[in-house]
Amino acid sequence: MRWLAIHFFRLPVEVLALPAPAAAVAQQRIVAADRPAEQAGIRPGMRLADALALTAALRPHERQPAREHAMLESLACWAGHFTPQVSLAPPDTLLLEIGGCLRLFGGQAALLDAIRQGAEAQGLSLRFGLADTPLAAHWLTLADSTADDWQAALAALPVAVLALNDGACKRLRALGLDTLGQLFALPSASLGHRFGQQLPLQLARARGELADPQVPFAFPERFVQRLELPARVEHADHLLFAARRLLLALAGWLAARMAGISTCTLVLQHEDIPPTRLALGFAALTRDAERFLRVTREQLERHTLAEPVVELQLIADAPQDLPGNNSALFGQQGAGDIGPVVERLRARLGDTAVHGLALQDDHRPECASRAVDWPDEKSAAQPAATQRPLWLKPEPQALHEVAGRPTHGGTPLRLLTRAERIESGWWDADEALGDLRRDYFVAVTAQGNWLWIFRDPAGWWLHGYFG
C-alpha cells in the first residue's frame, strides 16, 4: 500500500478567506497565518499582541473549528476524484491510499501535480507526506516529503512530531534524543518503561510493524454542501471562485460513487429576501469538474443579483450510475462529445434554444421529426438509409421553370433521381399540410450543390439542402 497524507497547514485561516495579512487565533495565540503574515514574521504559537506588534495591518479572526471540519469533509469529497480510499485525520489532514491509482493518473509525479493544482485552484496551501504506512505519511508532512526512501526521511524527523507532553519532551532532550531515528535504535521495552506504552506502539505503527487500520471516510448519499462567504458579494460573476470549492467537491464525490448528474442546483442565500436557485443543466450525465465550472460561469455571467449574496449552497440529490471509460488499447481517440457544446449554448441562450430531434412516423417531410429535450434517448435514433436531407427550409421556396426545367440562381437544375411520390395527410386539418401530392427529386446546381426539390400542381419548389 502507498499512503499520501495531505496536510492543509493553513486551513484555519484559509477557510475564513480573509483579506491579507490575516491569521486565525485561539486563546490569544496565533493558530495559523496566511503567506503575507508569515512573510512578516508571524508564526503559529505566537501571542496575538506580539503578532500585532510586528504588523499592525494584521487581520486576526477567532478560529472556527466547525467550519474547518466542514471544509475538511468537503476536501475529502474532492479527494474522491483521485482515490475512493480517503480517511480524515482531523483537524487539517487527509490520508489517501493511492497505490491502486498511480497508473491511472500517469505515475506518482503526475498525481501529486494534479492534487497540488486542484488545491491551489481552491486557494489552499498544502504539504505532502508519502510512505507505506498512514502514520509515517502523516508525520512526513512536517518535512513535505515525497522521497522514495521514506524510512530514511522518517528517521530524520524531529521527535516533536510525536506530540508528547512537556515532561516527556524534556526527558528526551535530557537524554540527547532529537530524531525518530535515535528512538528507533532503542529497545521498545526501555522506551515503554520510560515514556509509556503508547510511544513504542506509535513507532511500530509508523514503521509498519503493527497494523494501523484507518476509518474510511463515508461519502454521503446526497451532496448538499454550503459555503459561508467572508463578505457580501454584489456581483454574480464574483461568486465563481467560491463556487469552485463546492463544484470540485461535487466532482470528487461523484467520482468516488462512480456516478454522474445531469442537473444540480446552486442556491444563492441573501440576507433579506428568499434564496435564488440557479439550475445547472448538462447535456448528458457527467462528473467532469471543468464542465461544472463552465456551465456555472456562463450562468453567473448572465445573472443579475437581486440582493448581495452571503452564502452558497450546492445541491445534487439525484446521482445516477456512470461507469468510467476504458483506457484506449492502442492509443486510439474516441469521437468528440457534443455535450459541452450543448451546455454552453443553453447557458448563453436559454434552455429552450437547443433541443434534440426524434423521428416520427409520417411520410410528410415537415412532420417526419419533432423537437425533444436534450439529452433524450429517442433523439439518438438514426434514420434508415434515405435520400432525404437533414436541412429543410422553414417554408418551401418557389423555383422558376424555364423550358420545363426548374432553375436555381438563374441556371437550370440537373435532376439526379426519378420522382419519389409523397401523397399523404388527407386526415390532417391543417390546410398547408393536409392531403399533399408531391413528386420529390434530388437535383444538382451548376456549382455542384445538391438540392431536394419537389413538383406539385402549383409548380417547382426547393425544400432542402444536402450537406
Side-chain angles (χ1 to χ4, degrees), residues 262 281-284 298 334-467:
S262 58
F282 309 97
E298 298 286 354
D337 183 7
I338 196 175
V341 178
V342 174
E343 291 159 8
R344 173 166 286 190
L345 290 173
R346 275 186 166 178
R348 291 189 176 185
L349 305 177
D351 291 340
T352 60
V354 183
H355 56 77
L357 287 177
L359 299 180
Q360 201 163 248
D361 290 334
D362 199 309
H363 293 291
R364 294 169 294 176
E366 295 92 336
C367 305
S369 63
R370 59 186 176 86
V372 294
D373 291 337
W374 184 288
D376 187 287
E377 292 183 359
K378 295 180 180 178
S379 65
Q382 296 295 322
T386 179
Q387 293 182 332
R388 294 188 178 187
L390 294 178
W391 183 6
L392 295 181
K393 295 181 67 65
E395 297 290 341
Q397 174 187 335
L399 298 175
H400 293 291
E401 181 177 346
V402 177
R405 296 177 61 186
T407 64
H408 184 267
T411 59
L413 295 174
R414 182 163 58 93
L415 304 184
L416 301 180
T417 63
R418 301 173 69 178
E420 176 194 1
R421 170 62 61 91
I422 294 179
E423 187 171 350
S424 182
W426 53 267
W427 60 87
D428 201 322
D430 188 338
E431 294 183 1
L433 297 176
D435 199 14
L436 295 183
R437 292 179 176 84
R438 297 172 178 173
D439 289 330
Y440 276 89
F441 301 84
V442 178
V444 63
T445 67
Q447 293 77 28
N449 299 321
W450 286 39
L451 310 178
W452 202 42
I453 64 176
F454 69 84
R455 185 174 188 176
D456 66 7
W460 290 92
W461 304 83
L462 170 63
H463 203 178
Y465 301 89
F466 291 91

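Nothing here was measured: the structure is a model prediction, and the numbers come from that model. Just the heavy atoms: all of them, side chains too, but no hydrogens, waters or symmetry mates, feed the values below.
- For the atom pair D456 CG and E423 CD, the distance stands at 12.0 Å (nearest 0.5 Å).
- With S262 contributing its side chain and F282 its backbone, the two residues share no donor-acceptor pair below 3.5 Å.
- Considering CD of Q447 and OG1 of T411, their distance stands at 5.5 Å, rounded to 0.5 Å.
- Rounding to the nearest 0.5 Å gives a distance of 11.5 Å between CD of Q397 and CD1 of I453.
- Formation of a donor-acceptor pair under 3.5 Å by the T417 side chain with backbone atoms of V442 is found in this model.
- T407 OG1 to L413 CG: the interatomic distance, rounded to the nearest 0.5 Å, is 6.5 Å.
- Between E401 and P406 there is no side-chain heavy-atom pair separated by less than 4.5 Å.
- With rounding to the nearest 0.5 Å, the separation of CZ in R455 from CZ in R438 is 15.0 Å.
- Between D439 and R421 there is a salt bridge, since a side-chain N of the basic residue sits under 4.0 Å from a carboxylate O of the acidic one.
- A443 approaches L415 most closely through the heavy-atom pair CB-CD2, 3.9 Å.
- Under the 30°/60° scheme for interplanar angles, the aromatic rings of Y465 and W391 are found to be tilted.
- Residues H463 and P365 share a closest heavy-atom pair of CE1-CB, 3.8 Å.
- Contact of the K393 side chain with the W452 side chain is not registered, since no non-hydrogen atoms from C-beta on lie closer than 4.5 Å.
- In this structure, F441 and W460 have tilted ring planes: the angle between them lies in the 30° to 60° band.
- The two atoms that bring F466 and P389 nearest to each other are CE2-N, 3.6 Å, heavy atoms only.
- Separation of atoms OG1 (T445) and CZ (R414) is listed at 10.0 Å; rounding is to 0.5 Å.
- Side-chain contact between L451 and V444: absent, with no pair of heavy atoms (C-beta onward) separated by less than 4.5 Å.
- Note: F454 and W461 have parallel aromatic rings, judged against thresholds of 30 and 60 degrees for the angle between ring planes.
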